[in-house]
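Quick notes on the structure that follows.
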Amino acid sequence: MTLWQHIAARIGELSGRDFRPEPPRHLGGGCINTALRLTDGEQQWFVKTNSADRLDMFEAEAEGLEAMADTGTIRVPRPLGTGTHDGQSYIIMEYIASGGAGSRGQALAGEQLAAMHRHTTERFGWHRDNTIGATHQPNARHADWIDFWREQRLGFQLELAGHNGFPNLARRGEQLLERFPALIDHDPQPSLLHGDLWGGNITFDTDGQPVIFDPAVYYGDREAELAMTELFGGFGRDFYAAYDAAWPLDRGYATRKTLYNLYHILNHANLFGGGYASQAQRMIDQLLAKC
Ligand code: ADP
């Protein structure tokens, strides 16, 4: 039985509906995994595959999608299941046909994301680790946001940078770890975050409703989410206006934005090297000058 025949049988079992798809169409666009669409002309499912040792990554993704879907705020593809077959792992989820944002799409995204961020909990972190890009993302819980950001986010990536041949970055970063608490002079709540919300991880369905996918979920300062939307572009003015109308950001966000995006740039330096390491170094210098 080939992988997709196994997955088709699994979909039949999990959904309780007979499913005999045509051979799959491979989709482009993913950074990490192979993506396919399985359809029998009536039902459609979106499937990502990787080597069997990445099952954990898919299980964490499914739990993240579930956690966001359960808030009933912004649309996410509902996961159906995960598994392995013949040396491969996979995740199956609802297939989302993309439409356009329409005139209201960006504003809806801002409004609905703010509503998702209203889902808060006691501590920062999550009940399990997950991945950011292809990198492990630790989510051990902390009552204090500064401790969380220091240990689970910047400290973790700086240590990786030291191992990956960027000792200067790691050394300069150590100074920032001591001094950055001065920049967090507000009182963030642990909000449910998508965690990897760049422009490539949002689309709009055929009704113009925003849909977010491919998350790295945890509970954290919502400003970290907003910061990432600004990092690579793709979110419009109406998005920010609607978010702000629903839940204004605290003063000092502009400075903290660099601190929060440093995490993603460090991750890019660790994954792709080169120019991202210099960018991270510049961001650290800029932040140290403000501490
Ligand atoms: P990767 O984990 O490899 O980064 P993504 O989750 O980003 O992969 O998915 C790859 C591409 O497939 C996305 O850029 C998007 O265009 C499309 N896609 C993602 N999720 C769905 C879905 N549920 N339904 C339809 N297309 C999707």
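We use all heavy atoms of the structure for the numbers below, so side chains are in, but hydrogens, waters and symmetry mates are not.
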Item to complete: For N130 and A60, work out which heavy atoms get closest and say how close.
Response: CB-CB, 3.6 Å
Worksheet item: Side chains of Y263 and Q137: donor-acceptor distance under 3.5 Å anywhere?
Response: yes
Worksheet item: CE/M283 to CD1/I265 distance, rounded to the nearest 0.5 angstrom?
Response: 5.5 Å
Discussion item. Donor-acceptor pair, distance only, cut-off 3.5 Å: does the side chain of D221 make one with the backbone of A224?
Written reply: no
Response to the item:
T39 and Q44 have their tightest heavy-atom pair at OG1-CG, 3.8 Å
Worksheet item: So how far is it from L259 CG to F180 CZ, rounded to the nearest 0.5 Å?
Response: 6.0 Å
Worksheet item: From W149 CH2 over to D144 CG, what is the distance, rounded to the nearest 0.5 angstrom?
Response: 13.5 Å
Discussion item. I need the minimum non-hydrogen distance between R251 and R256, along with the two atoms involved.
Written reply: O-NH2, 2.8 Å
Discussion item. Tell me whether R153 forms a cation-pi arrangement with Y218, defined as NZ or CZ under 6.0 Å from the six-membered ring centre and within 45 degrees of its axis.
Written reply: yes
Worksheet item: Regarding R222 and the six-membered ring of W247, is the cationic atom NZ or CZ under 6.0 Å from the ring centre and inside 45° of its axis?
Response: yes
Practice prompt. Output yes when E174 and R179 qualify as a salt bridge under the 4.0 Å nitrogen-oxygen rule, no when they do not.
Written response: no
Worksheet item: Does L14 belong to the same Ile/Leu/Val/Met/Phe/Trp/Tyr cluster as W4, with side-chain heavy atoms less than 4.5 Å apart forming each link?
Response: yes
Discussion item. Centre-to-centre under 6.0 Å for Y90 and H6, is that the case here?
Written reply: yes
Discussion item. Using 0.5 Å steps for rounding, measure from the CD atom of Q157 to the NE2 atom of H136.
Written reply: 10.5 Å
Practice prompt. Establish whether L3 and F19 are linked, either directly or via other cluster members, by ILVMFWY side-chain heavy-atom contacts under 4.5 Å.
Written response: yes
Fill in: NZ or CZ of R141 within 45° of W126 ring axis and under 6.0 Å
no
Worksheet item: Salt bridge between R78 and D70, side-chain N to carboxylate O under 4.0 Å?
Response: yes
Worksheet entry | Donor-acceptor pair between Q5 and T2 side chains, under 3.5 angstrom | yes
Worksheet, complete the sentence: Shortest non-hydrogen pair, I284 vs G173, comes out as CD1-CA, 3.9 Å
Worksheet item: Would you say D187 has more than 12 foreign heavy atoms packed within less than 6.0 Å of its CG?
Response: no
Worksheet item: Going by heavy atoms in the side chains, are L27 and Y95 under 4.5 Å from each other?
Response: yes
Worksheet item: Do the side chain of S89 and the main chain of S51 share a donor and acceptor less than 3.5 angstrom apart?
Response: yes
Worksheet item: Under 3.5 Å, is there a donor-acceptor pair between the Y240 and T229 side chains?
Response: yes
Discussion item. Quick check for you: to the nearest 0.5 Å, what is the distance between Q189 atom CD and R118 atom CZ?
Written reply: 8.0 Å
Worksheet item: What's the spacing between L262 CG and Q279 CD if we round to 0.5 Å?
Response: 9.5 Å
Worksheet entry | Short side-chain donor-acceptor distance under 3.5 Å, N50 and N33 | yes
Worksheet item: How about Y219 and H119: are their ring centres within less than 6.0 Å of each other?
Response: no
Worksheet item: Would a line drawn from the ring center of W145 to the ring center of F124 be shorter than 6.0 Å?
Response: yes
Fill in: T71 versus M116, closest heavy-atom pair with distance
OG1-CG, 3.9 Å
Discussion item. Closer than 3.5 angstrom, by distance alone: can the side chain of D214 be matched with the main-chain N or O of N201 as a donor-acceptor pair?
Written reply: no
Discussion item. Looking at E42 and R20, is there a salt bridge between them, counting it only when a charged N and a carboxylate O are closer than 4.0 Å?
Written reply: no
Worksheet item: Will you find, in the side chains of H142 and Q152, an N or O donor that is under 3.5 Å from an N or O acceptor?
Response: yes
Worksheet item: Taking NZ, NE, NH1 and NH2 as the nitrogens, is one of them in E178 or R150 under 4.0 Å from a carboxylate oxygen of the other?
Response: no
Discussion item. Test your reading of the model: is there a side-chain donor-acceptor pair from H194 to the backbone of L113, 3.5 Å cut-off?
Written reply: no
Discussion item. Any side-chain to backbone donor/acceptor pair from D205 onto Q209? Under 3.5 Å, distance only.
Written reply: yes
Worksheet item: Under 3.5 Å, is there a donor-acceptor pair linking the side chains of H186 and Y253?
Response: no
Discussion item. Any non-hydrogen side-chain atom of E223 less than 4.5 Å from a side-chain atom of Y260?
Written reply: yes
Worksheet, complete the sentence: For T82 and F58 the tightest heavy-atom approach is CG2-O, 3.6 Å
